[in-house]
Amino acid sequence: MDADIKQRVAKLNPRQQEAVRYIDGPCLVLAGAGSGKTSVITTKIAYLIRECGMSARRIAAVTFTNKAAREMKERVSSMLPGRSGYGLTVSTFHTLGLNIIRAELKRLGYRSGFSLFDPEDAKALLRDLMHKDAQVDADQISRVQSIISNWKNDLVSPGQALSHAETDDDAYAAHVYEAYVRHLKAYNAVDFDDLIYLPAKLFEENEEALAHWRKRIQYMLVDEYQDTNSSQYRLVRLLMGERETFTVVGDDDQSIYAWRGARPENLVQLGEDFPRLKVIKLEQNYRSTALILNAANTLIANNPHVYEKTLWSQMGEGENIRVLVCRNEEAETERVASEILTRRIKLSAKWRDFAVLYRGNFQARLLELKLQHYQIPYKLSGGTSFFSRNEIKDAMAYLRLLINPADDNAFLRIVNVPRREIGPSTIEKLANYASERGVSLFAASGEFGLNQILSEKALKRLEWFCRFIDGVRRRMDQGNAISAIRSMFQEMDYEAWLHQNASAPVVAEKRMQNVWTLVDQLEKSLKPSDEEVAQSDGDITAETDDVEAAISRLVLRDILDQQAEEDDTDRVQLLTMHASKGLEYPHVYIMGLEEDLLPHRNAIESGTVEEERRLAYVGITRARRTLTLTLAKQRKAFGEMMECTPSRFLDELPEEILDWEGRADKEDPEKKFERGASAIAGLRSLLN
DNA sequence: AGGGCTAGGCTTTTT
DNA sequence: GCCTAGCCCT
C-alpha cells in the first residue's frame, strides 16, 4: 500500500517492528535508554495512518514536554505525505487537557476567556486564603499547595479530602482546598493540575462527554509512561476503555520524578488492568559503548525490577570509565574545565560534544567561573526562567485580565502597576464590597454602590483604570489584538515604571525588551509563520489559535522555549541530571559522586535511594563514547568544610572497567579497610 | 511606599 | 556562607 512506510518499518530491529505492528490490543513498550523509542512511536503513528487506514484525526500521541511533542510532530510529519497527517494530535498531557477543557467549558461550568494559573499564581491565591486563618508561613503554604496538588493528581475532590482527613493538618488542608477550588471557579480560572483533573473527572461523571471524546480519540500513544501520575493514567484508561487501543512507551529505570507525583508503578498497574497487555522490550542501545552500558546495567541491577532488562549495543567496547578523585570542589571543577580544554583538541571534538552533569544547580556556579577563566563557551540550562521575571508576570497579568475580567489575581497584581495611587486600603474596601456582592474586583470597580465606601479620588482612579482596560479590550475585539496590546504597554508607559524600579537604565531596557519579546511570541503563535504555512499541508498543526488560547499556551511555556532551542551555538552543555533525560553527548562528565550529594542526603534519609540510583543511571546512559565521573574529598557545604565519602554507586559499578585517578595518596587505612573491594580495585588500577 | 535588616533554610521542577 | 522572603521601620 505504502512503500515508504513499509521501508521505514523494515529498517527497524525485530523488537521495534513488533512494537510498531502490534495494534490488536494494549501494548507496553519497555524502552531502555537510547533504544530508539521515538522512532517506534513516530513510525507507529505513520503506520497506523498509512497502513491501517486510521484517520490521523483519531490518533493522539501524548508526551510530557513541549520539546518532545514538537520533535515528535516534526518527525511524524516528515513521514506523512500530503494532508494525511492533518488533524493528528501530538501534544503534552497538559495541552491535551487544555483543549478538552476549552471544548467542554459549558459542561464544566466555566465561561469562555478563562485564566490558567501557573503554580505561582496558585500560591498567591493560597496565600491570600490562608492569610485569614493563621499567620502566614511560606513553608506551610507550600506544604498545603503540594497536598492539594497530590489530591488533584489522585482525583480526590475537596469533599472527599474533607471526609477522609485523619489528622488536623489534613483537615485544615482540605478546608483550604475547598476554598481554593471555589475561588478558582469564581475567577473562572484553572490551575495546571486541573488540566488533567477536570477532564478526568468529567469523563468519570458524564457519559455523554466521555462518549464524545472516545469517538474523537480512538488510538493513544503515551511517551515516558513511567512519568504519568494517577490522574493522567485514569484519563488514558477512561478514553481508551475496553477498546484497549493504546501503546505506552516507558522505562521504569528512568523514573526520576516520583517526588513530583509520577507513579512508575503505573507500568505494573497496566499489566493488572489489562491482562491482554503485550509487553515488548527494547534492549538494543544505539547510543553508547559496551562499557558504558555495562556500567549502567550493573548499577541499575541494584534496584528491584518487575521487568528485567539488559541493554546491549554494537557500538564497540569503548574506553574504561574514569573516576577522578579531587582534593575539593574547587579542584574538581578545575579538573573538568582543563580536561575539556585539552580533550577537545586531542579528540578533535566540538565544545558541544561535552556535557557536564550534576545533581544540584548550585554545583554549576563554581564550574561556570572556571569555564569563564579558561574562556570555554558553555550553555547553562535551567536557572531563572523567563516566566519568573517580574515584568513578564506583570505582562501576563495584563493579558489575563484583558481576556478574563473575573481574574482577581491578575487584577490585584497590576491594578497599581504602574503606580496609579490605588493603595491597599482602597483595595481592601473594594474586596469587601466585591465579596459581599459575589462579583469580581473588576466588575465591582464599575458599580455604583462603591461611592458609599470609597473617597471620590479613589473611585475616580479605579474607574479610570477599568475604563483603560475596557478600552484596550474593545480595540482587541475590533481589530488587531496584538497592536492593541502593544499600545496598551506604551500608553501606560510601562517602561517608565521599569526605569523607576531598576538599578540602571540598561536593566530597565532589558526588561522592557522581555515584555516585547513576550508580545512577539504571542503574535507568532496567533498567525503561523510562512514556513509553517508552507509545510502545514500534510502537517498536523492545529486550529489557528485565538488570543485566549495563545495566552494559555504561553502559560504552559509552549512557545517560549523554542527560542532557546534555536540557539545551537557550539558550547559545552551544563545541566542537572534531571534536565539531561532524553539527551545524549559524546563525552559526559558527572560531578559530585559523593554520599549526601548523589545519592542526595534527603533521599538517603527518606529512603528513596533507588530513585537516586535511577538518576545516576540516566546520567550514565547520556554518554555515547566516554564517561568521566568526578568526586571531591572535601567540599564546602552550608558554610562548613565537610569530609566527603565516595558515593555508594561507585562501589556498585564493576571495578574492572573503572580507571581511578588521584585516589592513591594517603587514604586513611581504616577507610580503605571499610571500603574494601573497591579500594583494592583502585590500587590495582594504579599498579597497571 | 520603599528599603533595609534578620532569620531560616538549603535537590531535582517536564506542565 | 549565601540567598530569599517577610517584616518592620522610616
Side-chain angles (χ1 to χ4, degrees), chain A residues 62-71 91-98 116-123 127 131 135-139 141-142 145-146 149 152-153 190-197 223-224 226-229 231-232 254-262 357-366 381-385 387-388 416-417 419 421-425 500-501 503 552-561 575-583 592 596-606 608 611-612 614-616 618-619 635-642:
Chain A
V62 187
T63 66
F64 275 82
T65 66
N66 294 308
K67 194 177 156 199
R70 223 162 20 238
E71 282 170 10
S91 72
T92 64
F93 259 111
H94 293 263
T95 302
L96 176 67
L98 182 72
L116 175 56
F117 278 18
D118 73 16
E120 289 224 32
D121 299 315
K123 182 168 278 173
R127 188 176 297 131
H131 199 70
Q135 50 268 59
V136 270
D137 174 352
D139 202 48
I141 295 170
S142 305
Q145 186 170 27
S146 91
S149 178
K152 287 197 179 184
N153 287 162
V190 301
D191 66 17
F192 277 9
D193 296 324
D194 283 336
L195 296 179
I196 316 297
Y197 176 92
D223 191 16
E224 303 282 14
Q226 76 284 348
D227 290 343
T228 51
N229 61 35
S231 57
Q232 287 160 339
Q254 292 185 72
S255 164
I256 53 174
Y257 287 107
W259 53 275
R260 266 182 112 242
L357 313 184
Y358 36 79
R359 177 69 238 250
N361 281 118
F362 72 95
Q363 292 176 70
R365 260 176 254 190
L366 246 187
S381 82
T384 344
S385 97
F387 280 87
S388 58
N416 203 29
V417 172
R419 196 109 291 143
E421 293 180 292
I422 301 171
S425 75
Q500 278 170 40
N501 289 58
S503 52
S552 296
R553 297 184 36 185
L554 226 39
V555 180
L556 284 179
R557 317 283 195 254
D558 196 335
I559 312 142
L560 110 129
D561 41 38
L575 59 174
T576 63
M577 276 175 278
H578 280 95
S580 77
K581 200 170 107 181
L583 305 173
D596 290 353
L597 230 193
L598 181 66
H600 194 274
R601 186 191 196 124
N602 297 356
I604 296 171
E605 280 167 10
S606 65
T608 53
E611 179 149 311
E612 299 289 300
R614 292 192 290 268
L615 191 55
V618 167
R635 179 184 296 276
K636 216 190 256 178
F638 309 135
E640 237 185 320
M641 206 42 124
M642 309 281 282

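Chain letters run A, B, ... following the sequence lines, proteins first, then strands; residues in each count from 1.
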Colleague: Check whether Ser580(A) reaches the backbone of Met577(A) with its side chain - one donor and one acceptor, N or O, closer than 3.5 Å.
Modeller: yes
Colleague: What contact category does Asp227(A) fall into here, base, sugar-phosphate, or nothing, at under 4.0 angstrom with non-hydrogen atoms?
Modeller: base
Colleague: At what distance, to the nearest 0.5 angstrom, does CZ of Arg359(A) lie from CZ of Phe362(A)?
Modeller: 9.5 Å
Colleague: Roughly how many Å is it from CD in Gln254(A) to C1' in dT12(B), rounded to a whole number?
Modeller: 16 Å
Colleague: Over how many whole Å does the gap from Phe64(A) atom CZ to dT13(B) atom P extend?
Modeller: 16 Å
Colleague: Could you grab the distance from atom OG1 of Thr576(A) to atom CG of Leu357(A), nearest 0.5 Å is fine?
Modeller: 8.0 Å
Colleague: Using a 4.5 Å cut-off on heavy atoms from C-beta on, say whether the side chain of Tyr358(A) contacts that of Leu597(A).
Modeller: no
Colleague: When the nearest nucleotide of DNA chain B is assigned to Ile256(A) and to Val555(A) on a heavy-atom basis, which residue is associated with the more 5' position?
Modeller: Ile256(A)
Colleague: Rounding to an integer number of Å, can you tell me how far Gln363(A) CD sits from dG1(C) C1'?
Modeller: 17 Å
Colleague: For residues Glu71(A) and Thr63(A), determine if any side-chain heavy atom of one lies less than 4.5 Å from a side-chain heavy atom of the other.
Modeller: no
Colleague: Between Leu116(A) and Asp121(A), is there a side-chain heavy-atom distance shorter than 4.5 Å?
Modeller: no
Colleague: So, taking the atom named CZ in Phe64(A) and the one named OG1 in Thr92(A), what distance separates them when rounded to the nearest 0.5 Å?
Modeller: 9.5 Å
Colleague: Please convert DNA chain B into dot-bracket. A pair counts if it is Watson-Crick or G-U wobble with both distances under 3.5 Å; crossing pairs go in [ ] and bases paired with another strand get |.
Modeller: ||||||||||.....
Colleague: Would you kindly check whether a donor in the side chain of Arg553(A) faces an acceptor in the base of dT15(B), or vice versa, at under 3.5 angstrom?
Modeller: no
Colleague: Whole angstroms only, please: what is the CG-P distance between Leu556(A) and dT13(B)?
Modeller: 19 Å
Colleague: Rounding to a whole Å, what distance do you find between Arg614(A):CZ and dT12(B):P?
Modeller: 18 Å
Colleague: Could you tell me the separation between the CZ atom of Arg70(A) and the P atom of dT15(B), rounded to a whole number of Å?
Modeller: 9 Å
Colleague: Where the side chain of Arg260(A) is concerned, which of dA1(B), dT14(B), dG1(C) is the nearest nucleotide?
Modeller: dT14(B)
Colleague: Are there any protein N/O atoms within less than 3.5 Å of an N/O atom in nucleotides 7-11 of chain B, and if so, which ones and at what distance?
Modeller:
from, atom 1, to, atom 2, distance (Å)
dT11(B), OP1, Asn602(A), ND2, 3.2
dT11(B), O4', His600(A), NE2, 3.4

Colleague: What is the glycosidic conformation of dT11(B): syn, defined as within 90° of 0, or anti?
Modeller: syn
Colleague: From CG of Asp596(A) over to P of dT12(B), roughly how many Å is that when rounded to an integer?
Modeller: 15 Å
Colleague: Counting only N and O atoms by type, is there a donor-acceptor contact under 3.5 Å from the side chain of Thr95(A) to the main-chain atoms of Ser91(A)?
Modeller: no
Colleague: Taking dT13(B) as the reference, what is the distance to dC2(C) when you measure between their P atoms (whole Å, please)?
Modeller: 23 Å
Colleague: Quick check for you: among dG6(C), dT15(B), dT14(B), whose closest atom lies nearest to any side-chain atom of Tyr257(A)?
Modeller: dT14(B)
Colleague: Would you call the rings of His578(A) and Trp259(A) parallel, tilted or perpendicular if under 30° counts as parallel and over 60° as perpendicular?
Modeller: perpendicular
Colleague: Does a side-chain N or O from Thr576(A) land closer than 4.0 Å to OP1 or OP2 of dT13(B), or not?
Modeller: yes
Colleague: Nearest whole angstrom, please: distance from the C1' of dT14(B) to the CE of Met577(A).
Modeller: 17 Å
Colleague: Which whole number of Å gives the distance between the P atom of dT12(B) and that of dA5(C)?
Modeller: 15 Å
Colleague: Report yes or no: do Ser142(A) and Lys123(A) form a side-chain donor-acceptor pair below 3.5 Å?
Modeller: yes
